[in-house]
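Down below is the structure, laid out as structure tokens.
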Protein chains: 2
Amino acid sequence: MSDSKSKLFNDQGELVVPKPVVGRLSLYLREVQHLIRGGRETTNSNELGRLLGVTDAQVRKDLAYFGQFGHPGVGYRCQELVAAIKIIMGTNTSWNVALIGIGNLGRALLRYKGFHEQGFQIVAAFDVDDGVIGTKVEGVDVYHIQHLAKIVMQQSIRLVTIAVPSHAAQTVVDQIVEIGIEGILNFAPVTISVPSQVRVIGVDLAMELEQLAFTVVNRDSNS
Amino acid sequence: MSDSKSKLFNDQGELVVPKPVVGRLSLYLREVQHLIRGGRETTNSNELGRLLGVTDAQVRKDLAYFGQFGHPGVGYRCQELVAAIKIIMGTNTSWNVALIGIGNLGRALLRYKGFHEQGFQIVAAFDVDDGVIGTKVEGVDVYHIQHLAKIVMQQSIRLVTIAVPSHAAQTVVDQIVEIGIEGILNFAPVTISVPSQVRVIGVDLAMELEQLAFTVVNRDSNS
DNA sequence: TAGATTGTTAATCGATTAACAATC
DNA sequence: TAGATTGTTAATCGATTAACAATC
């Protein structure tokens, strides 16, 4: 019985993949897509490892958590591998995403083409500023945040990106959570709290520069 | 002799701090700064751990890698701790940063106030488009990238943020490296290669959404 | 002083790597 | 077939946690 289940899950139905694997999976996906654009048909763990700065053993092990995608003696067929990783990541189908906060960063996110290319559509934008509500930015309608619940329902939105001022972030998050959103990409440089069933990823641009400064100041052989 | 050295370094002069610590250090800094804005004088490992979702033991251990910043029976004095972490991160003094690529994202980065608040000044911007070269964006001069070396020298720039199209990224990086830049914050969604003395941190916005999709699809107790 | 909280050690837990039989 | 490369096991390495003496 437990043998018929994917080895992804343990007896409590929890994912048993080491946490760092998920980040690398995205890197593998990006790199193989890049190889495909260059006309490549196959790759292998050695090449992927070299390109991404990990060992070949790690590449094989990471992928093997999810199934058998390789061909001994051949390697990984690029198209096949991309399709497999997309299914694992959940990006084989498209996701509708809402954006909250139409400031500098919010506008840049609306214009950013990279989301669409990976299967994410920003289908609605929200703010509290009457100056932008009712307009379209990059073809996307801007609504007052009070209409969030309605639009989320209509458009089957499961993920929200928030790019609001720090002081407003937690209030906005509380509203989002109330509505039943499943995942939040938070660009506000503050810790937000959510119930355990809601997933959050935070991106703090200043923090990234800070990390960089650290690695430069403490120039070491790690990192 | 080796006792007189900071315990940060081993006999080869390499940093012996676990890699995940650096990321958490930035989180501690942000959180304590937030507490200070709320009027708080002291905090402790238990509180910080609870706010950030790590154990109290981890908070104490992370900080203890770098020195003794706490006061038994009292906790950590907020101002003191912020000052200490800034010294560790190298952000107790200001950094001059160049931005390359004045597209959607580049402009948003120029307008973003969060960098300045953490001690990073974007002091020059670069592009190859004659339409923007010679103008100012947010008070920052835009130069042709051919003047990079000169400006970097004049302004003592050590870090560069690149927000150029993916196909141009590696070429730009090669020029940057040539000039002797020490750290690169890369927003282009491609792997770039640099010599080992140059530090790189990549931020791929679509990849972040991808990670979020994964955690939502595989709703688990990790992550 | 009694209570609170640190810094640090040793034990535990988790992730990575090396090696190799199986496979194409 | 011989050569290449996977998937997987066991060994190694690294990070986290629990516990507690030292300190304020």
Side-chain angles (χ1 to χ4, degrees), chain A residues 3 6-8 10 12 14-25 27-28 32 35 40-78 80-81 84-85 88 220-223, chain B residues 3 6-8 10 12 14-25 27-28 32 35 40-78 80-81 84-85 88 220-223:
Chain A
D3 264 279
S6 159
K7 65 180 161 179
L8 267 183
N10 67 11
Q12 291 97 59
E14 292 167 353
L15 203 62
V16 288
V17 171
K19 278 187 288 283
V21 171
V22 188
R24 288 194 298 266
L25 222 44
L27 287 174
Y28 301 150
V32 179
L35 289 171
R40 290 286 297 284
E41 297 278 335
T42 67
T43 183
N44 56 64
S45 59
N46 191 290
E47 178 178 57
L48 282 177
R50 182 172 41 73
L51 291 169
L52 297 171
V54 300
T55 64
D56 59 331
Q58 180 134 79
V59 174
R60 292 196 299 279
K61 189 149 224 294
D62 284 349
L63 295 172
Y65 281 113
F66 301 95
Q68 307 200 157
F69 307 123
H71 303 274
V74 177
Y76 300 90
R77 299 198 222 284
C78 294
E80 237 177 71
L81 185 55
I85 299 178
I88 296 163
D220 54 19
S221 58
N222 309 337
S223 152
Chain B
D3 264 279
S6 159
K7 65 180 163 179
L8 268 183
N10 66 11
Q12 291 97 59
E14 292 167 353
L15 202 63
V16 288
V17 171
K19 277 186 290 283
V21 170
V22 189
R24 288 194 298 266
L25 222 44
L27 286 174
Y28 301 149
V32 179
L35 289 171
R40 290 285 298 284
E41 297 278 335
T42 66
T43 183
N44 57 63
S45 58
N46 190 288
E47 179 177 57
L48 282 177
R50 182 172 41 74
L51 290 169
L52 297 172
V54 300
T55 64
D56 59 331
Q58 179 134 80
V59 174
R60 292 196 299 280
K61 190 149 224 291
D62 284 348
L63 295 172
Y65 282 113
F66 302 94
Q68 306 200 156
F69 307 123
H71 303 275
V74 177
Y76 300 90
R77 298 199 222 284
C78 293
E80 237 177 71
L81 185 54
I85 300 178
I88 297 163
D220 53 19
S221 58
N222 310 337
S223 153

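What's counted below: heavy atoms across the whole structure, side chains too, no hydrogens, waters or symmetry copies. Reminder, nothing fancy here: chain letters follow the sequence lines and each chain counts from 1.
- With pairs defined as Watson-Crick or G-U wobble and both atom distances under 3.5 Å, the stems of at least three pairs that touch DNA chain C come out as C:3-24 with D:3-24.
- A search for side-chain contact (heavy atoms from CB on, under 4.5 Å) contacts involving A:N44 returns A:N46, A:E47, not counting sequence neighbours.
- Across B:V59 and B:Y28, no two heavy atoms sit closer than the pair CA-OH, 3.5 Å.
- The two residues A:F66 and A:F69 come nearest to each other via the heavy atoms O-CZ, 3.5 Å.
- If you take CG of A:N46 and P of D:dG7, they are 14 Å apart, rounded to a whole angstrom.
- Note: CZ (B:F66) to P (C:dT6) measures 17 Å, nearest angstrom.
- Contact annotation: A:S45 does not reach the phosphate of D:dT5 (side-chain N/O to OP1 or OP2, under 4.0 Å).
- The side-chain hydrogen bond (donor to acceptor under 3.5 Å, both in side chains) test applied to A:D56 returns A:R60, not counting sequence neighbours.
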Which protein N or O atoms sit under 3.5 Å from an N or O of nucleotides 21-24 of chain C?
from   : atom 1 : to    : atom 2 : distance (Å)
C:dC24 : O4'    : A:P72 : O      : 3.4

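- If you run side-chain contact (heavy atoms from CB on, under 4.5 Å) between B:D62 and each of B:V21, B:V54, B:V22, only B:V21 comes through.
- Nearest-nucleotide mapping onto DNA chain C: of A:V21 and B:N44, the residue sitting toward the 5' end is B:N44.
- The salt bridge (Lys or Arg N to Asp or Glu O under 4.0 Å) test applied to B:E80 returns B:R77, not counting sequence neighbours.
- Distance CD1/A:I85 to CG/A:L27: 10.0 Å, rounded to 0.5 Å.
- Atom CG of A:L81 and atom CG of A:L48 lie 7.0 Å apart (nearest 0.5 Å).
- Using a 4.0 Å cut-off on heavy atoms, the residues of residues 49-63 of chain B that approach DNA chain D are B:T55, B:A57, B:Q58, B:R60, B:K61, listed by number.
- Taking CG from B:L63 and CD1 from B:I88, the interatomic distance works out to 7.0 Å, rounded to the nearest 0.5 Å.
- Look at B:Y65 and you won't find any side-chain N or O under 4.0 angstrom from OP1 or OP2 of D:dT16.
- Rounded to an integer number of Å, the gap from NZ of B:K19 to P of D:dT16 is 11 Å.
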